[in-house]
Every structure is written in C-alpha cells, then in structure tokens.
There are 2 protein chains.
Amino acid sequence: MSPTEPKKTDDAPRRYHHGDLRRAILSAALDVIAADGPSALSLRDLARRAGVSHAAPAHHFKDRTGLLTAIAAEGFGLLAAALNEASDLKDAGVRYVRFAREHPAHFQVMFTPELLRGDDLELTTGRALAADALREAVSAVRAEDFGVDSRLAGVAAWSLAHGFATLLLGHNLDGAVGDRDPEEVFRTLATTLFRSV
Amino acid sequence: MSPTEPKKTDDAPRRYHHGDLRRAILSAALDVIAADGPSALSLRDLARRAGVSHAAPAHHFKDRTGLLTAIAAEGFGLLAAALNEASDLKDAGVRYVRFAREHPAHFQVMFTPELLRGDDLELTTGRALAADALREAVSAVRAEDFGVDSRLAGVAAWSLAHGFATLLLGHNLDGAVGDRDPEEVFRTLATTLFRSV
DNA sequence: AGCACAACTTGACACTGACAAGATTGCCCG
DNA sequence: CGGGCAATCTTGTCAGTGTCAAGTTGTGCT
C-alpha cells in the first residue's frame, strides 16, 4: 500500500542512532497500555520516553494504528506459541488465561478491532496461527462427546477462557477469586464444566 | 466530589434551549461508539451533531470520562433490568448475550474501566444492581450440584456469557456461528456445558 | 571514497479536551 | 406579574495530539 514504508519489520535488531527504537517504543507502549489502556497511548509521549523527536515513531509504525496493529500481531504470535504447547483443551484454556495475565496490553489490543488495521498481513497471519493452535487443542475432544457441531466445542472453550481472562483483567472477579491463583480457579472451573465432554 | 455539577441526572426530560441535549448527546455518543469504538468519541463532534457549541456537552457530563461513565451506568441499569426477568441461569446467560447485541456501545464501555470514573455513585450502584441480578440467577443452581464454592458457578456462567458476547461483538465467531441466531447458539452451548449441574 | 537509503529531526497544520468568563433563557417566589 | 437567579449554552483560549512534508544525519555497500 504505502511504498514509503520501511517494511523490514523484524529482521535483525537495528543498531542505528538510537539502538533499537522500534523495540523501545513497543516496550514503552506496552507499559502505558497495561497501566492505563490503549486510549492513554500517545506517540509523542512514547517518543519523549525514548528520547527521540516526536515524529520518530512514525518511521517504524506509520501511525498510531500501525503501532497498535504491530502489538496485536506480536500478541497473536505469542498466544499461538503458548497454545501450541498445550497438552489438552483444558490446558490450552489455562495457558490462554496465563497469556492474558502475562501480556495484558497485548491481550487488550488484540481484541479491540477498531484500533487495528484489520487487513495487515502480519496481523492476519498471527491471528491465523493462533486460530490453528486453538483448533488443534479442540480437536482432542471428540465431536460426538460434545454435541452436533465440533466447532461448538471450540466456541465454548474459547468463550469460557476469553470471558474469564477478560473479566479477570477488568478486576471483575477480584471478589470471587480472592487470593487464590486465578489459573487454578479457572482449572477447577473448566474441569467442572467440561467434566462430561 | 464536584459541587458545580448539576447532578439532576435523569429526572424529567429537560425542555431548555435545545430540548433534551443530555439525551441527544448520549444517543449520538452511543451511535459513534457502536460504529467505531470509544476511542473515536469526540465531545466536539457530538456537540456539532447536536447543533450546539463545542463546550455545551461539558455542562451535562463534566468531561469525556463523565460522559462514558454515564453511559456505563445506564448500561448496568439496563443489564440489571434484563437479568431480573430471567427465569433461570441459562436464560440469564441468553439475556446477557442479547443485551450485548442490542446495546453494543453500552456493553463495550461498561467493561473498559480505564475510561470510567470508578467511584461514580450512579456507576457503582448500577453495577451493584447488575451483580445482584446475576447472584439471584446463580442462586437457582444449587451449590452442591456444581462444586465446593457456589460463587464458582457464578464465575463460570458469567465467564461463558461474557466471553461469548465479547467475541461475538468482535466478530470473532462469525465463522463458527454462521447465519444461525447467536442466542440460539449460546443456548445450546450453555445447555451442553451446564447439562450436569 | 562516495553514493543510496534508512533513521531521525524540524516545522507546520488541523483537531481535540479542558478551562474561564460571559451571554441567554426559563422558572420560582415574592 | 416581574425581578432575580440558577441552569443552560456560547465564545475565546490554551496546551497537547496525530499526521504530513521537507530537511538532516548517519550507515552500510559497492
């Protein structure tokens, strides 16, 4: 689309004037988002933190949407990697929740589509990788054990894990979880719900 | 907190210069949010749509956060009303999903805490109303049927419904749901998962 | 060595949220 | 019934932001 864009996104780490500005800005952005959400993100503020001029970030991410899209794409990659190590569906759910807790900024941005460039290549491939990983985990539970549609099992598992993770990050489960380990709470919860499938 | 604020929030409809500016701005805001998310919200744009000056909205909502907080509070009220009519836990879940589809802007704002004034009175009371409604629906399913903790049943049901609704609004289930009625999909899904509790 | 290009800077413009201070309007109460 | 008064809205302003355009600096390659 835009031939002016560098597009050498993640080859080797850059060693230029700044060092690795792209990573520095990504990292600062993740801090800000984790603390105050994507709406608190300011490119100029990120530039200030990195000690560069206010327009420097644009060279790496084109614009605000580009930065958030890069974060989402990275997040889907990380999520796919995490899910690919799951032993079964329940374990995949636990890893999903763990991912959301360990990468809250990624998680939040990944599922806020109006902030993203939906047709971005790295984003769509990352999303596809994560979807494949989920499908793989779901394939372990036999279709006839669950219901008519095998995809329904995937939707159910995804909904449960995603809802739990989302509510957790929004501090909506603080009372119910208490001081227990959220992942353990989710495990027992998933075991109870899925015990018969 | 702020004694300058009018605070006569929702008595009778105002009949002043504009007519009912407060409602007009709320309504326009809901349109914008439903279409492009909360980050696309601009007070000046809302003022323009309502045909008033750029600073008029501030008189009704103090600032951007105030507007979003009012939306969230209204949303929790609507959700509580919907849940209070539920016949059982599964029906509450279906109504939860229906609420999210019918009021996507409310839903989105309600669960984005960093956009809200968390200590706002109307918000906290609205949230408490909705929480009560959920607890009421959960109380129908007996604790020993589910597991040790009865609250766990609430967390499970809430997570499932919230995750399904969130993924649905984000168009993450378009493929799996197809052209079926999402509420029906959720109903079968919840029936399968909760059939034994 | 020098050239092409990536990385960054400087400057500008339109837009936004927020605040202060003034103008207008309907309502209440004497 | 009319005068004050408070709620409603306007005007003006300021700092901050995203984005674009054009210039500058450094780097690796040939």
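Numbers restart at 1 for each chain; the letters A, B, ... are given by sequence-line order, proteins then strands. These figures come from a predicted structure and were not determined experimentally.
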Inset, instruction - Check the distance between C:dT25's C1' and B:His59's NE2 and give it to me in whole angstrom. - result: 13 Å

Legend entry - Whole-Å distance separating the CG atom of A:Leu46 from the C1' atom of C:dC8: 16 Å

Inset, instruction - Using the test ring-ring contact (aromatic ring centres under 6.0 Å, His included), find all partners of A:Phe99 that sit at least two apart in sequence or belong to another chain. - result: A:His103

Inset, instruction - Identify, with sequence neighbours excluded, every residue that meets side-chain hydrogen bond (donor to acceptor under 3.5 Å, both in side chains) alongside A:Glu183. - result: A:Arg98

Legend entry - Where at least one partner belongs to residues 28-43 of chain B, residue pairs that pass salt bridge (charged side-chain N to carboxylate O under 4.0 Å, His left out), sequence neighbours excluded: none

Inset, instruction - Determine the interplanar angle of the A:Phe111 and A:His162 rings, folded into 0 to 90°, and report it as parallel if under 30°, tilted if 30 to 60°, perpendicular if over 60°. - result: perpendicular

Inset, instruction - Mind jotting down which residue pairs meet the side-chain hydrogen bond (donor to acceptor under 3.5 Å, both in side chains) criterion with at least one end in residues 76-87 of chain A? Sequence neighbours excluded, please. - result: A:Ser87-A:Asp91

Inset, instruction - Mind calculating the distance between CZ (B:Phe61) and C1' (C:dA18) to the nearest angstrom? - result: 16 Å

Legend entry - Between D:dT8 (P) and B:Asp20 (CG): distance, integer Å: 10 Å

Sub-3.5 Å pairs of nitrogen or oxygen atoms, protein against nucleotides 17-20 of chain D:
| unit_1 | atom_1 | unit_2 | atom_2 | d |
| --- | --- | --- | --- | --- |
| D:dT17 | OP2 | A:Arg48 | NH2 | 2.5 |
| D:dG18 | OP1 | A:Leu43 | N | 2.9 |
| D:dG18 | OP2 | A:Leu43 | N | 3.1 |
| D:dG18 | OP2 | A:Arg44 | N | 3.1 |
| D:dG18 | N7 | A:Arg44 | NH1 | 2.4 |
| D:dG18 | O6 | A:Arg44 | NH1 | 3.0 |
| D:dT19 | OP2 | A:Arg64 | N | 2.9 |
| D:dT19 | O4 | A:Arg44 | NH1 | 3.2 |

Ignoring hydrogens and angles, write down the donor-acceptor pairs under 3.5 Å from the side chains of residues 128-135 of chain A, residues two or more places apart or on other chains.
| unit_1 | atom_1 | unit_2 | atom_2 | d |
| --- | --- | --- | --- | --- |
| A:Asp132 | OD1 | A:Arg135 | NH2 | 2.9 |

